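Some notes on the structure that comes next.
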Number of protein chains: 2
Amino acid sequence: MSGYAPSEAARRSGFSLDTLRYYEKIGLLADVERTAGGQRVFTDDDLGWLELFRCLRDTGMPIAQMRRYAQLARDGDHTVDERCALLRTHAVRVEEQMGLLQRQYEHLREKIRYYERLPGPPPT
Amino acid sequence: MSGYAPSEAARRSGFSLDTLRYYEKIGLLADVERTAGGQRVFTDDDLGWLELFRCLRDTGMPIAQMRRYAQLARDGDHTVDERCALLRTHAVRVEEQMGLLQRQYEHLREKIRYYERLPGPPPT
DNA sequence: GCTTGACCTGGAGCGCGCTCCAGGTTGGAG
DNA sequence: CTCCAACCTGGAGCGCGCTCCAGGTCAAGC
């Protein structure tokens with residue numbers, strides 16, 4: 001149920017071992033369990049966090065902000081409002097990003113259509 | 001109609017002066033005109049290229065690939081197919097990127113909804 | 001002609017997010 | 001008990017895309 005070796009955690013999360021260590025080093029992942037010998041043991045909870053980090057990373061949130069979010073979560077329930085606000089603000093930025101991407105994608109398609117209208121057989 | 005000072009080109013393109021110089025230095029923009037004294041004069045054609053670079057940059061194309069595209073364009077009409085293929089390949093990547101962004105955005109919204117369902121007055 | 005702000009060059013530096021390395025330790029299989 | 005693959009640490013290095021700087025030149029307005 002819980003207790004994954006580093007390589008397994010890497011496989012499941014899609015992050016590299018180095019990235020997992022890095023995320024712990026900078027305080028994104030805190031208090032990762034260890035064996036008596038000092039080797040990491042990741043829990044389902046850790047994997048849940050990693051999934052969130054992947055979501056935030058893929059949507060372009062800077063690490064500093066993820067760090068802040070994680071710290072708030074560690075600080076307890078009274079930070080719920082601030083955490084929610086942080087996510088909402090981020091969501092707005094993501095919407096803008098999607099809009100820009102969409103618009104530029106359309107320009108790109110238009111450029112491609114221009115090439116396709118050129119005399120001569122269309123490539124492929 | 002054509003012939004813009006660097007600051008004007010920066011204003012119109014939205015790139016910084018340093019970035020314009022950088023783009024020329026690495027061969028994205030080639031053969032930018034100069035005054036007798038050596039100062040750059042940007043043409044409408046240059047601005048057109050910059051608009052394209054912005055589109056490609058905003059959609060995540062690495063500079064090396066933009067360089068390649070620009071070089072192909074300089075090489076003449078016989079590179080049309082390759083240029084078109086390059087843009088099409090890029091468009092596919094952009095579609096993937098949009099799909100990922102959309103999916104992760106939905107996860108984000110779900111997380112926000114989770115916060116909003118929490119007991120207590122929803123923030124703001 | 002002088003001033004002054006915009007511009008020039010080559011090259012160093014930066015911020016981000018990892019990624020790699022050396023040198024040493026751990027722990028499960030046989 | 002031995003082996004060896006997986007793991008540990010601290011710290012250096014990297015790739016990208018700019019950004020900044022020093023020290024000098026240009027050119028438009030007075």
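Remember, it's a predicted structure, so these values are computed and weren't measured experimentally. So that the names make sense, note that chain A is the first sequence line, chain B the second, and so on, each numbered from 1.
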What nitrogen or oxygen pairs link the protein and nucleotides 27-30 of chain C at under 3.5 Å?
residue: C:dG27; atom: OP1; partner: A:Thr35; partner atom: OG1; Å: 2.7
residue: C:dG27; atom: OP1; partner: A:Gly37; partner atom: N; Å: 3.4

Pair A:Tyr69-A:Arg83, side-chain hydrogen bond (donor to acceptor under 3.5 Å, both in side chains): steps then yes or no:
CA-CA 6 Å; A:Tyr69 179 88; A:Arg83 274 181 271 159; 4.9 Å; no

Go nucleotide by nucleotide along DNA chain D from the 5' end; which of A:Leu17 and B:Met66 gets its closest nucleotide reached first?
A:Leu17

Mind checking B:Arg21 for me? I need base, sugar-phosphate or nothing, with any heavy atom below 4.0 Å counting as a touch.
base

Side chain to side chain donor-acceptor pair (under 3.5 Å) filter on B:Thr35, not counting sequence neighbours, yields none

What is the distance, to the nearest angstrom, from the CG atom on B:Asp18 to the P atom on D:dC21?
10 Å

It should be established whether B:Arg40 places a side-chain nitrogen or oxygen under 4.0 Å from OP1 or OP2 of nucleotide C:dT9.
yes

Residues B:Arg113, B:Glu106; criterion salt bridge (charged side-chain N to carboxylate O under 4.0 Å, His left out); working and verdict
CA-CA 10 Å; B:Arg113 251 178 279 122; B:Glu106 277 153 24; over 6 Å; no

Between the side chains of B:Tyr115 and A:Asp81, does any donor sit under 3.5 Å from an acceptor?
no

Distance only, no hydrogens: is a donor on one side chain within 3.5 Å (strictly under) of an acceptor on the other, for A:Arg74 and A:Gln71?
yes

Categorize A:Phe15 for me: base, sugar-phosphate, or nothing, with a 4.0 angstrom heavy-atom threshold over every strand shown.
nothing

For A:Leu20 and D:dC7, give me the distance from atom CG to atom P, rounded to whole Å.
10 Å

note: A:Tyr22, atom OH; D:dG10, atom C1'; distance rounded to Å ~ 15 Å

salt_bridge(B:Glu95, A:Arg109) N-O dist < 4.0 Å
yes

Would you tell me if any nitrogen or oxygen in the side chain of B:Ser16 comes within less than 4.0 Å of OP1 or OP2 on D:dT19?
yes

Reckon A:Arg34 has a side-chain N or O less than 4.0 Å from the OP1 or OP2 of D:dT9?
yes

